[in-house]
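Following: one structure in structure tokens, then a few remarks.
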Amino acid sequence: MIPESTRAWKNRLFSLPSGRCPLGELTLAGAVRNSRGAGALRPRIFGQWAFVYLVAGSGVYEDALGTRREVQAGDWILVFPELAHHYGPRPGNFWNEIYVCFQGPIFEQWRASGLLDASRPTGTLCPVSFWWKELASVLKHIGQKGTSTLEAVTSWQHWLGRVITNQIPAKTESQRWQEQACRLLSENLSVEDSNGRTVAKTLGMGYESFRKKFVRHMGVPPGRFRERQRIEKARQLLQSKRLTNKELADTLGFYDEAHFSKSFRRHVGLSPRAFSRSLFPESPPHEKMRPTTSNRKVHP
């Protein structure tokens, strides 16, 4: 039986501010009637964060870490950027959903602190009649004319924080380990430790055991996490002053300029020069920007 409040559920997109801010951005938000979910034919990697709230119907969520959850109206799903997954209603069934896609360094900090944990990709918000209206109200507020990207991101953080913290019990020993591992991987970024072997040794673990445990909680290998931290540091440096690729590569411990530039483009979607030009549009005319394309994905 479809709840009375969702019988008139319609497909729609919510208006969002355009552009990025230092914290991140919301890229897409909407409501879907009779959703087919995502990754039905084969597991997919989305490349962004996505929050999906089921308003009616039921189905299943599965991911590459071996998590499998039955989900129904009132449950939410949190999609991690690099974690292969699929979710959706069973054949012959349906669900209605409301979703928000987002990305940026602030959410990576949430992950590093344990607030976003790949071992907890689902949760529950009941009653449905209250929470979907709450979420829709937040998105309507974010979409008002004149709202900046910064205001949108902070509003979304506030709402997401209410959701996540309601699901998190007191910190366990495992969560404290996770925070320590992330802190160590984020330190001394100029020192070459591409796979986190030094951190594993510091924690008194063999590398393979450390890698598996880290992936189980974070959804990414320690080397990929550390690389992302280096790129986020590069973004921060570029936001404060103009630096050459060589200066950034040397500062952040990359093998050479090409290695740094390739990693930066993979994570940010722009070359370092294009990113810098977007921050400082009055750059001298001889600093020509090479054309780039963004691989942003825009469906949860």
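For the atom pair OG (Ser155) and CG (Leu26), the distance works out to 9.0 Å, reported to the nearest 0.5 Å. Once rounded to the nearest 0.5 Å, the distance linking SG of Cys101 with CD of Glu25 reads 11.0 Å. Atom CZ in Arg176 sits 11.0 Å away from atom CD in Gln180 (nearest 0.5 Å). Rounded to the nearest 0.5 angstrom, Ile142 CD1 and Ser137 OG are separated by 10.0 Å. To the nearest 0.5 Å, atom CD1 of residue Ile164 and atom CG of residue Leu78 are 5.5 Å apart. With rounding to the nearest 0.5 Å, the separation of NE2 in His85 from CD1 in Ile45 is 9.0 Å.
When the side chains of ILVMFWY residues are joined at heavy-atom separations under 4.5 Å, either directly or via intervening members, Val32 and Val60 end up in two distinct hydrophobic clusters.
Shortest non-hydrogen contact noted between Cys21 and Thr149 is N-CG2, 3.9 Å. Nearest heavy atoms, Ala136 versus Phe14: O-CE2, 4.2 Å. Looking at every heavy atom in both residues, Ala234 comes nearest to Phe260 through CB-CE1, 3.7 Å. Pro105 and Glu232 get closest at one heavy-atom pair: CB-OE1, 3.0 Å. When all heavy atoms are compared, the tightest approach of Val128 to Ala73 is CG2-C, 3.8 Å. For Ala112 against Phe225, the heavy-atom pair with the smallest separation is CB-CZ, 3.9 Å.
Here Tyr99 and Tyr53 keep their ring centres 6.0 angstrom or further from each other.
A salt bridge is absent between Arg69 and Glu62: the closest approach of a Lys/Arg side-chain nitrogen to an acidic carboxylate oxygen does not fall below 4.0 angstrom. The existence of a salt bridge linking Arg226 and Glu187 is excluded, since no basic side-chain nitrogen approaches an acidic carboxylate oxygen closer than 4.0 Å. Taking the charged nitrogens against the carboxylate oxygens, Glu257 and Lys246 have no contact shorter than 4.0 Å, which rules out a salt bridge. Using a cutoff of 4.0 Å between basic side-chain nitrogens and carboxylate oxygens, Arg111 and Glu82 are scored as salt-bridged. For Glu227 and Arg230, the salt-bridge test fails: no basic side-chain N is under 4.0 Å from an acidic carboxylate O.
Residues Leu189 and Gln229 meet the side-chain proximity criterion, which asks for heavy atoms closer than 4.5 Å. Tyr61 has its side chain within reach of Asp63: a pair of non-hydrogen atoms, C-beta onward, lies under 4.5 Å apart. Inter-residue side-chain proximity for Trp177 and Leu203 is flagged as met; some heavy-atom pair is nearer than 4.5 Å. Within the 4.5 Å cutoff, the side chain of Ile106 has heavy atoms near those of the Gln157 side chain. Between Phe214 and Met205 there is no side-chain heavy-atom pair separated by less than 4.5 Å. Counting only heavy atoms from C-beta outward, the side chains of Ser148 and Pro17 never approach each other to under 4.5 Å. Taking the side chain as every heavy atom from C-beta outward, Val199 and Pro222 never approach each other to under 4.5 Å. For the pair Arg216 and Met218, the minimum side-chain heavy-atom distance is 4.5 Å or more.
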### Query
Between Ile77 and Glu97, is a side chain to side chain contact (heavy atoms under 4.5 Å, CB included) present by the stated rule, with each step listed?
CA-CA 10 Å; Ile77 296 168; Glu97 67 182 51; over 6 Å; no
### Task
Run the numbers on Trp76 and Thr124 for side chain to side chain contact (heavy atoms under 4.5 Å, CB included), then give the verdict.
CA-CA 6 Å; Trp76 53 261; Thr124 301; 5.7 Å; no
### Task
Please report the C-alpha distance between Gln178 and Lys213 in whole Å, then the side-chain angles of each, then the deciding distance to 0.1 Å, and finally whether the side chain to side chain contact (heavy atoms under 4.5 Å, CB included) criterion is met.
CA-CA 9 Å; Gln178 177 185 332; Lys213 185 173 182 179; over 6 Å; no
### Task
Decide side chain to side chain contact (heavy atoms under 4.5 Å, CB included) for Phe264 and Lys262; before the verdict, give the C-alpha distance in whole Å, the side-chain angles of both, and the deciding distance to 0.1 Å.
CA-CA 5 Å; Phe264 191 95; Lys262 182 178 179 180; over 6 Å; no
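At distances below 3.5 Å, not a single donor-acceptor pair connects side-chain atoms of Ser35 with backbone N or O atoms of Gly88. Counting only distance, with no hydrogens or angles, the side chain of Asn96 and the backbone of Asn34 share a donor-acceptor pair below 3.5 Å. Formation of a donor-acceptor pair under 3.5 Å by the Thr154 side chain with backbone atoms of Glu151 is found in this model. With Ser119 contributing its side chain and His217 its backbone, the two residues share no donor-acceptor pair below 3.5 Å. Remark: the backbone N or O of Thr198 is paired with a side-chain donor or acceptor of Thr202 at under 3.5 angstrom. In this structure a side-chain-to-backbone donor-acceptor pair under 3.5 Å is present from His259 to Tyr255. For Thr147 (side chain) and Gly143 (main-chain N/O), no donor-acceptor pair under 3.5 Å exists by modelled atom type.
Relative orientation of the Phe51 and Trp156 rings is perpendicular, given thresholds of 30° and 60° on the angle between their planes. Note on ring orientation: taking the six-membered ring where Trp is involved, the planes of Trp131 and Trp159 are perpendicular (angle over 60°, cut-offs 30° and 60°). Classified by interplanar angle (parallel below 30°, tilted 30° to 60°, perpendicular above 60°), the ring pair Trp95/Tyr87 is parallel.
Of the N and O atoms on the side chains of Thr122 and Asp75, not one donor lies less than 3.5 Å from an acceptor on the other residue. Side-chain contact, Thr27 with Gln48: a donor N or O sits under 3.5 Å from an acceptor N or O.
Environment of CZ in Arg183: crowded, with over 12 heavy atoms of neighbouring residues, nucleotides or ligands closer than 6.0 Å.
Taking the ring axis of Phe275 as reference, the NZ or CZ atom of Arg273 does not stay both within 45° of it and closer than 6.0 Å to the ring centre.
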